[in-house]
Amino acid sequence: MIDLANVTVRRGSVPALDDVSLSFGRGGITALIGPNGAGKSTLLHAMSGLLPPTSGRVRVEGRDLAAVPATERARTVAVLTQTERVTARLTVRELVSFGRWPHHRGRPKAADRETVEEALELFDLSDLAGRRIDTLSGGQRQRAFVTMAYAQETPWMLLDEPLAALDPRHARDLMDRLHALTRPGAPGQRSVVVVLHDLGAAARYADRIVALRRGRLVTSGARLLTLTGPMLTDLFETSLTVRRLDGRDVVVPG
């Protein structure tokens, strides 16, 4: 479980997060939604330890995150940020292998290499494993970074806009794979917290919704209860409706 108690994060004099208290239970997909500047990325970074709170406390599995060494934290929480950059001419396999660093600390074993190959296969990147990252499309690079986070083999995966640069087919494919990983009984079941601007993806895949606006928590809870037309209309200040289509919820204007 990840618990945030009265967490505030300030950027200068402006609170990017303002007194947010939340609990994230294990398993399933939690979607962080809200307009630009709502504090979604800040919340994700605070949960991962990348951004220490100005005030308040973050606990992961009952431990104060501020007291957990970085290497141990990296075996519990994998985070994908919007600003991932690769300057070296790495292959996809080499990039994904970085996810194993918290486990082998520079001395990879056969089990680490096997985990990398399993991750490449799971996210359909085996055919691209030998390609250099700088030769891939933006969408292919994004999938490679998500695969690296998966290879880190942590119970928690925190993903900041993983659908950016993905076309509709690959976005749906990625969300299908993440959804399968979070189901009860899945091998190595993961808990995924994901920032989504695609409300259709949130309606289709999320188990829980956390809605933010101007750094404050608007609502949180099970998707079926929280993702409603009135809530979305208020949150985004534009008319939105949730409708049932072929057995699934969809978000449409009006």
Side-chain angles (χ1 to χ4, degrees), residues 29 31-33 36 40-41 44-45 47-48 50-51 74-75 77-182 186-188 190-202 204-206:
I29 293 180
L32 307 184
I33 65 171
N36 293 336
K40 303 181 296 295
S41 296
L44 204 75
H45 293 178
M47 292 170 62
S48 71
L50 291 178
L51 188 60
R75 292 193 294 270
V77 177
V79 58
L80 172 67
T81 71
Q82 293 183 49
T83 56
E84 301 289 356
R85 295 288 184 270
V86 177
T87 55
R89 292 161 70 86
L90 298 172
T91 67
V92 172
R93 181 177 282 108
E94 289 168 339
L95 175 68
V96 174
S97 296
F98 280 137
R100 300 303 303 161
W101 178 265
H103 301 277
H104 61 61
R105 305 295 302 279
R107 296 184 177 181
K109 299 180 175 61
D112 296 297
R113 290 186 282 272
E114 289 173 7
T115 299
V116 169
E117 296 306 315
E118 290 170 1
L120 290 166
E121 182 176 355
L122 180 64
F123 286 90
D124 197 25
L125 285 174
S126 295
D127 290 346
L128 299 176
R131 289 266 302 274
R132 292 199 311 269
I133 293 292
D134 57 6
T135 69
L136 302 181
S137 68
Q140 289 170 331
R141 284 196 297 272
Q142 188 77 344
R143 287 164 54 207
F145 278 111
V146 173
T147 306
M148 178 181 67
Y150 172 80
Q152 200 168 322
E153 215 170 14
T154 57
W156 291 91
M157 292 176 65
L158 312 183
L159 309 177
D160 197 352
E161 295 191 48
L163 305 188
L166 295 184
D167 61 40
R169 179 174 73 87
H170 284 106
R172 180 171 177 173
D173 178 74
L174 176 60
M175 290 305 299
D176 280 341
R177 293 171 196 271
L178 292 174
H179 186 264
L181 290 175
T182 64
R190 308 298 170 88
S191 306
V192 172
V193 181
V194 54
V195 174
L196 290 175
H197 281 291
D198 184 342
L199 297 177
R204 182 182 180 92
Y205 294 102

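Keep in mind it's a predicted model, so treat the numbers as computed, not measured.
- Side-chain atoms of Arg93 never come within 3.5 Å of backbone atoms of Leu120 as a donor-acceptor pair (strictly under, hydrogens ignored).
- To the nearest 0.5 Å, the span separating CZ on Arg131 from CG on Leu95 amounts to 14.0 Å.
- The shortest heavy-atom contact between Asp198 and Gly200 is OD1-N, 2.9 Å.
- In this structure a side-chain-to-backbone donor-acceptor pair under 3.5 Å is present from Gln142 to Glu161.
- One finds no salt bridge joining Asp167 and Arg169 here, because no Lys/Arg side-chain nitrogen approaches an Asp/Glu carboxylate oxygen to under 4.0 Å.
- Across Val92 and Leu128, no two heavy atoms sit closer than the pair CG2-O, 3.3 Å.
- Atom CD of Glu117 has more than 12 heavy atoms from other residues, nucleotides or ligands within 6.0 Å.
- Salt bridge annotation for Asp173-Arg177: present, with a cationic side-chain nitrogen under 4.0 angstrom from a carboxylate oxygen.
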Side chain to side chain contact (heavy atoms under 4.5 Å, CB included) evaluation trace for Leu178 with Val194: CA-CA 10 Å; Leu178 292 174; Val194 54; 5.7 Å; no
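- Considering CZ of Arg190 and CG of Leu181, their distance stands at 6.5 Å, rounded to 0.5 Å.
- Atom CG of Leu199 is separated from atom CZ of Arg204 by 15.0 Å, given to the nearest 0.5 angstrom.
- Annotation for Arg172: atom CZ does not count as buried by contact number, only 12 or fewer foreign heavy atoms lying within 6.0 Å.
- For Arg143 (side chain) and Asp124 (main-chain N/O), a donor-acceptor pair under 3.5 Å exists by modelled atom type.
- Between Ser41 and Val195, the shortest heavy-atom distance links the atoms N-CG2, 4.5 Å.
- The backbone N or O of His104 lies less than 3.5 Å from no partner atom in the side chain of Arg100, so there is not a single donor-acceptor pair.
- Atoms CZ and CG, from Phe98 and Leu90 in turn, are 5.0 Å apart once rounded to the nearest 0.5 Å.
- Separation of atoms CG (Asp176) and NE2 (His179) is listed at 8.5 Å; rounding is to 0.5 Å.
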Pair Asn36-His197, side chain to side chain contact (heavy atoms under 4.5 Å, CB included): steps then yes or no: CA-CA 9 Å; Asn36 293 336; His197 281 291; 3.3 Å; yes
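- The shortest non-hydrogen separation linking Ala31 to Leu196 is CB-CD1, 4.0 Å.
- If you take OG1 on Thr115 and CD on Glu153, they are separated by 4.5 Å, rounding to the nearest 0.5 Å.
- Residues Leu159 and Ala149 come closest through the heavy atom pair CD2-CB, 4.4 Å.
- The backbone N or O of Ala74 sits less than 3.5 Å from a side-chain atom of Gln152, completing a donor-acceptor pair.
- Taking all atoms of both residues into account, the shortest heavy-atom contact from Pro162 to Leu80 is CB-CD2, 4.4 Å.
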Derivation and outcome, side chain to side chain contact (heavy atoms under 4.5 Å, CB included), residues Glu94 and Ile133: CA-CA 9 Å; Glu94 289 168 339; Ile133 293 292; over 6 Å; no
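- A distance-only check finds no donor-acceptor pair linking the side chain of Thr147 to the backbone of Val96 [under 3.5 Å].
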